[in-house]
Amino acid sequence: MLSISRAQAQQLDQEDSLKNFRQEFHIPQKDGKDCIYFCGNSLGLQPKQTQHYIQRELDTWQAEAVEGHFRGERPWMYYHKLFKKSLAQLVGAKEEEVVAMNNLTSNLHFLLVSFYRPTSTRFKILMDGGAFPSDQYAIESQVKFHAASGGFDWKGAIVEVFPREGETYLRTEDILATIEKHKEQLALVMMGGVQYYTGQFFDLKAITEKAHAVGALAGFDLAHAIGNLPMQLHDWDVDFATWCSYKYLNSGPGGISGIFVHEKYALDPKLPRFAGWWGYEEAKRFKMQKGFIPMYGADGWQHSNVNILSAAAHLASLEIFDRAGIQQLRKKSVQLTAFAEKLVMEVAGRYPQLQHISPREPEARGAQLSLVVKAYGKLVFDYLSEQGVIADWREPEVIRIAPIPLYNTFEEVFDFALLLEYGLKKFA
Ligand SMILES: *Cc1c(COP(=O)(O)O)cnc(C)c1O
């Protein structure tokens, strides 16, 4: 028995000022019932408007063909500008500092071209230990790429910070101390904003400040942070960042990514970059002249014309974030995840093989809780799946759940806790 009743959970839903947003999403079904979808940290649900936004661009393509670049309600030539205001709000930036483009890992590489400029004496990159594999591969290949000509050994160029023995997430003081320890050789701090495995939200401001104090730059992968919690990248003086839009931003599988480049680099002619025509001065883009002239700000990092179908899905989703407001979403998210934590900890009191490894302080995490179920975790996970819970399994024993403030309810969290306890009892 949980200490909270279903009626109390329903009451919380009644009082929720964001409750109507759930109706704007397609909820996956099982046996004619809504699934409990706690996997929005991997792939956000589809807004019902998305198909209409995409259909509109298919119609324009059909009717206008090439003229669609300049005609119609949303000419493709300028389509990426439609995101600027929303993205700037989500990450706390000026509009000139953000642009939607490419995919995340590609963007990471392109940003590193500009912001990882190792020398034979300053070449190290600091990362959160156990970062998302794609980031690990990207960083490893970057370090190797530069090592031969850069006059340093790539082994030892990547510094990883891990939690202390017996702890499950990082202490900010340990991150700062590691930056200090490598201060002579550190070129870059490149971490997740929210750690994908534990859900920890790092102190981006303190980390950036410390990186700058030792003469290094700071960039972040915001795949699990954007749309999850508000940030202030400009004020925190973060140098660069990138993200994807298919997790908390609900913009569809493989959806368009985005970048942040701090204003201070907007016109820096010394920064090397890999260029393409979409980063070229807009007014002269179609003159097809020699000699690359970058656009002001993040726009100058663009390469290709925009994938409009993917961008249309992005627009449908960002419009929802504009209406809901990231501050409001965060407020509910803190409440919803604390509610999940409270119920999970009650169950854990009866079944000690259940633990959670995410930070306890709400300000040090986003929506996600990472649960550990010792010994028979996979059986419990499979049981939950059969019961219509869609969560995420990570070998050998972690179940990640992310109650999403746009479309999840307190009652779903309540049902999840009941099912979790049944599952634990069943296989004990
Ligand atoms: C999801 C995720 C990625 C995925 O990268 P893509 O290039 O979009 O495939 C990369 N890094 C992190 C931290 C992620 O969570």
Side-chain angles (χ1 to χ4, degrees), residues 1-29 33-41 44-49 86 89-90 194 199 201 224-231 247-250 316-349 356 358-371 384 387-391 400-422:
M1 273 291 282
L2 299 168
S3 68
I4 302 236
S5 68
R6 177 175 302 277
Q8 283 170 302
Q10 288 169 335
Q11 182 63 28
L12 290 170
D13 285 324
Q14 275 313 311
E15 291 161 3
D16 169 17
S17 63
L18 299 173
K19 61 175 178 279
N20 290 335
F21 281 99
R22 177 177 169 89
Q23 295 160 16
E24 299 193 30
F25 290 86
H26 291 289
I27 312 287
Q29 303 287 304
K33 278 179 25 198
D34 286 353
C35 289
I36 297 179
Y37 193 78
F38 281 171
C39 222
N41 55 339
L45 291 183
Q46 184 186 132
K48 290 178 179 166
Q49 277 299 321
S86 317
Q89 288 208 342
L90 288 173
V194 168
F201 179 39
H224 282 262
I226 193 165
N228 182 2
L229 31 73
M231 290 168 281
K247 293 172 180 168
Y248 291 89
L249 287 189
N250 311 321
S317 166
L318 290 181
E319 191 272 325
I320 296 176
F321 277 87
D322 289 347
R323 276 187 287 123
I326 189 67
Q327 301 292 347
Q328 284 303 107
L329 286 167
R330 173 62 172 163
K331 219 170 119 198
K332 174 175 170 188
S333 176
V334 166
Q335 207 192 348
L336 194 59
T337 296
F339 185 65
E341 180 180 43
K342 177 181 156 54
L343 298 187
V344 163
M345 294 317 289
E346 273 184 41
V347 176
H356 96 72
S358 300
R360 292 294 161 91
E361 316 78 22
E363 62 279 6
R365 69 185 184 209
Q368 177 185 325
L369 287 183
S370 302
L371 313 179
L384 289 169
Q387 301 301 314
V389 175
I390 302 179
R400 296 187 306 166
I401 59 162
I404 304 295
L406 268 176
Y407 49 74
N408 285 128
T409 64
F410 289 89
E411 191 174 5
E412 286 180 300
V413 170
F414 175 83
D415 277 324
F416 170 80
L418 285 183
L419 290 169
L420 181 64
E421 181 147 14
Y422 290 147

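Position 1 is the first residue of the sequence, and the numbers go up from there.
- Side-chain atoms of Phe201 and Met231, non-hydrogen and from C-beta on, do get closer than 4.5 Å to each other.
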Pair Asp16, Gln335 - check side-chain contact (heavy atoms from CB on, under 4.5 Å), show working. CA-CA 10 Å; Asp16 169 17; Gln335 207 192 348; over 6 Å; no
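- Asn228 CG to Arg365 CZ: the interatomic distance, rounded to the nearest 0.5 Å, is 11.0 Å.
- A salt bridge links Arg22 with Asp34: the distance from a Lys NZ or Arg NE/NH1/NH2 to an Asp or Glu carboxylate oxygen falls below 4.0 Å.
- Using a 4.5 Å heavy-atom threshold, the side chains of Leu420 and Leu371 count as touching.
- For the pair Ser358/Glu341, no side-chain contact is recorded, criterion being any heavy-atom separation below 4.5 Å from C-beta on.
- Annotation: the span from Gln11 atom CD to Ile4 atom CD1 amounts to 12.0 Å, rounded to 0.5 Å.
- No more than 12 heavy atoms of other residues, nucleotides or ligands shown are found within 6.0 angstrom of NZ on Lys331.
- The closest side-chain heavy-atom distance from Asn408 to Val413 is not below 4.5 Å.
- Within the 3.5 Å criterion, the main-chain N or O of Glu411 finds a donor-acceptor partner in the side chain of Asp13.
- Under the 3.5 Å distance criterion, with hydrogens and angles disregarded, no donor-acceptor pair is assigned to the side chains of Gln14 and Gln10.
- Interatomic distance, Phe25 CZ to Ser317 OG, rounded to the nearest 0.5 Å: 6.5 Å.
- Atom SG of Cys35 sits about 11.0 Å away from atom CD of Gln387, to the nearest 0.5 Å.
- Between Pro405 and Val334 there is no side-chain heavy-atom pair separated by less than 4.5 Å.
- Among the candidates Phe339, Tyr37, Phe38, the single residue satisfying the ring pair (Phe, Tyr, Trp, His ring centres under 6.0 Å) test with Phe416 is Phe38.
- Side-chain contact between Thr409 and Lys19 is absent, with no heavy-atom pair separated by less than 4.5 Å.
- The minimum heavy-atom distance linking Pro359 with Ala364 is given by the pair CG-O, 3.2 Å.
- No side-chain donor-acceptor contact under 3.5 Å links Asn250 and Gln46.
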Let's go through Arg323 and Glu319 carefully: what are the C-alpha distance in whole Å and the side-chain angles of both, what is the deciding distance for salt bridge (Lys or Arg N to Asp or Glu O under 4.0 Å) to 0.1 Å, and is it a yes or a no? CA-CA 7 Å; Arg323 276 187 287 123; Glu319 191 272 325; 2.8 Å; yes
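- In this structure, the side chains of Asn41 and Val194 stay at 4.5 Å or more apart for every pair of heavy atoms.
- When side chains are defined from C-beta on, Gln49 does not count as touching Glu24, because their heavy atoms never get closer than 4.5 Å.
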